[in-house]
Amino acid sequence: MNTKTSDRIASGIFYLIALIIILTLVGLFYYILINGLKNISLNFLTAPSSNVRAGGGIRDQLFNSFYVLFITMLIAVPLGIGGGIYMAEYAKPGKVTDTIRSCVEVLASLPSIVIGMFGLLMFVNLTGWGYTILGGALALTVFNLPVIVRVSEDAIRSVPRELKEASLALGITHWHTIKTVILPSAFPTILTGIILAAGRVFGEAAALLFTAGLSTPRLDYANWNPFSQTSPLNIFRPAETLAVHIWSVNTQGLIPDVEEVSSGAAAVLVISVLIFNLLARWIGSMIHRKITATK
């Protein structure tokens, strides 16, 4: 077999793999959307859910999903980027650094159900909080922190060393070099890791079953006092997210329109993730252009 024939075969195999991936994704999205879009309406998005009657919505679950995502990323992103900076710029090669890196890799490979059980022990039982948004956010932080740390470390290490050396040669301090030279250059890759982590948070169910709970109190969206039991901003209340609601409806639902609610909720979940990813990339590109002064 000559070189040209081998090249054609290899190219054909890679094109076939790409085609299989694309068709799988298109088929999955088509199935979810074609079965769910017909069940989505304004009332479905704005009405509270019902445990026994047909016609319930997903208002509270949709809000809870975005709120848990916001609280989780508020905690995980600074810690993850800080950990990545430490591992890439400050940690000295040795057994301690190798141990930290091994621990990060182990955490990244843990099943979400294990994180959920850990969260149940630490953030539900030991703290005495019960099922809360904060407990769920902390459990998801443990779940996603290793991913953000590794992505941030790899992104920082991929920045050309000449940029760092040129900055230090001008007398700029190490931290100022990291802040003004290295992080802006690594920002697109870090943003990609953050978006992937956020997608995992938004669609996570197993870890939240044991930490955020399977119920949501009746919320008053006109009450913005974060210490009130009926306020949607209260982080110490239970919160059933959209992914958990889909699982709950399909396994424990008593409502007569189980299939319609679960299909509609699944379609909303997919569309929300897509919109969030597009918005995050658009905002990220704007920030990147601003901090790097590029057009």
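If you're wondering where the values come from, they're calculated on a predicted model, not measured in any experiment.
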Within this structure, what is the [atom1]-[atom2] distance for the pair [X] and [Y], rounded to the nearest 0.5 Å?
{"X": "N64", "Y": "I58", "atom1": "CG", "atom2": "CD1", "result": "11.5 Å"}
{"X": "I34", "Y": "S263", "atom1": "CD1", "atom2": "OG", "result": "11.5 Å"}
{"X": "W247", "Y": "L209", "atom1": "CH2", "atom2": "CG", "result": "5.0 Å"}
{"X": "T132", "Y": "I71", "atom1": "OG1", "atom2": "CD1", "result": "11.0 Å"}
{"X": "E204", "Y": "T241", "atom1": "CD", "atom2": "OG1", "result": "8.5 Å"}
{"X": "I75", "Y": "L134", "atom1": "CD1", "atom2": "CG", "result": "6.0 Å"}

Close side-chain approach of [X] to [Y], heavy-atom, < 4.5 Å:
{"X": "L183", "Y": "I85", "result": "yes"}
{"X": "L233", "Y": "Y67", "result": "yes"}
{"X": "V104", "Y": "E153", "result": "no"}
{"X": "L107", "Y": "C103", "result": "no"}
{"X": "T230", "Y": "R218", "result": "no"}
{"X": "T180", "Y": "P184", "result": "no"}
{"X": "V261", "Y": "N39", "result": "no"}
{"X": "I271", "Y": "V268", "result": "no"}

Is a side-chain donor or acceptor of [X] paired with a backbone partner of [Y] at a separation under 3.5 angstrom?
{"X": "T211", "Y": "A207", "answer": "yes"}
{"X": "S231", "Y": "N225", "answer": "yes"}
{"X": "S158", "Y": "A155", "answer": "yes"}
{"X": "T216", "Y": "E240", "answer": "yes"}
{"X": "S167", "Y": "L163", "answer": "no"}

Contacts of R8 meeting salt bridge (charged side-chain N to carboxylate O under 4.0 Å, His left out) (sequence neighbours excluded), chain-then-number -> none
F66-F202 aromatic ring centre distance below 6.0 Å
yes
Where [X] and [Y] come nearest, the two heavy atoms and their spacing:
{"X": "I20", "Y": "T24", "value": "O-OG1, 2.7 Å"}
{"X": "A243", "Y": "G203", "value": "CB-O, 3.6 Å"}
{"X": "P188", "Y": "S185", "value": "CD-O, 3.6 Å"}
{"X": "P238", "Y": "P217", "value": "O-CD, 3.5 Å"}
{"X": "Q61", "Y": "G57", "value": "OE1-O, 4.1 Å"}
{"X": "A197", "Y": "I148", "value": "CB-CG1, 4.0 Å"}

Is there a chain of hydrophobic side chains (I, L, V, M, F, W, Y, each step under 4.5 Å between heavy atoms) that links [X] to [Y]?
{"X": "L278", "Y": "L62", "answer": "no"}
{"X": "V96", "Y": "V149", "answer": "yes"}
{"X": "L219", "Y": "F227", "answer": "no"}
{"X": "L126", "Y": "I115", "answer": "yes"}
{"X": "L191", "Y": "W282", "answer": "yes"}

Does [X] [atom1] have over 12 foreign heavy atoms under 6.0 Å away?
{"X": "E259", "atom1": "CD", "answer": "no"}
{"X": "F236", "atom1": "CZ", "answer": "yes"}
{"X": "Q229", "atom1": "CD", "answer": "no"}

As a quick check of understanding, evaluate side-chain contact (heavy atoms from CB on, under 4.5 Å) for M122 and V142, giving each step before the final call.
CA-CA 11 Å; M122 294 296 299; V142 176; over 6 Å; no
Using the side-chain contact (heavy atoms from CB on, under 4.5 Å) rule, take M87 and T97 through it: C-alpha gap first, then chi angles, then the decisive distance, then the call.
CA-CA 8 Å; M87 295 297 293; T97 301; 4.0 Å; yes
If we count only N and O atoms by modelled type, under 3.5 Å, do the side chains of T72 and N144 hold a donor and an acceptor together?
no
Ignoring hydrogens and geometry beyond distance, is a side-chain donor-acceptor pair present between D60 and Y221 at under 3.5 Å?
yes
Taking NZ, NE, NH1 and NH2 as the nitrogens, is one of them in E105 or R150 under 4.0 Å from a carboxylate oxygen of the other?
yes
Give me the ring orientation class for H174 and Y90: parallel if the planes are under 30° apart, tilted from 30 to 60°, perpendicular past 60°.
tilted
Under the rule for ring pair (Phe, Tyr, Trp, His ring centres under 6.0 Å), what residues qualify as partners of F210, not counting sequence neighbours?
none
Which residue in the set V147, V151, V77 passes side-chain contact (heavy atoms from CB on, under 4.5 Å) when paired with I194?
V77
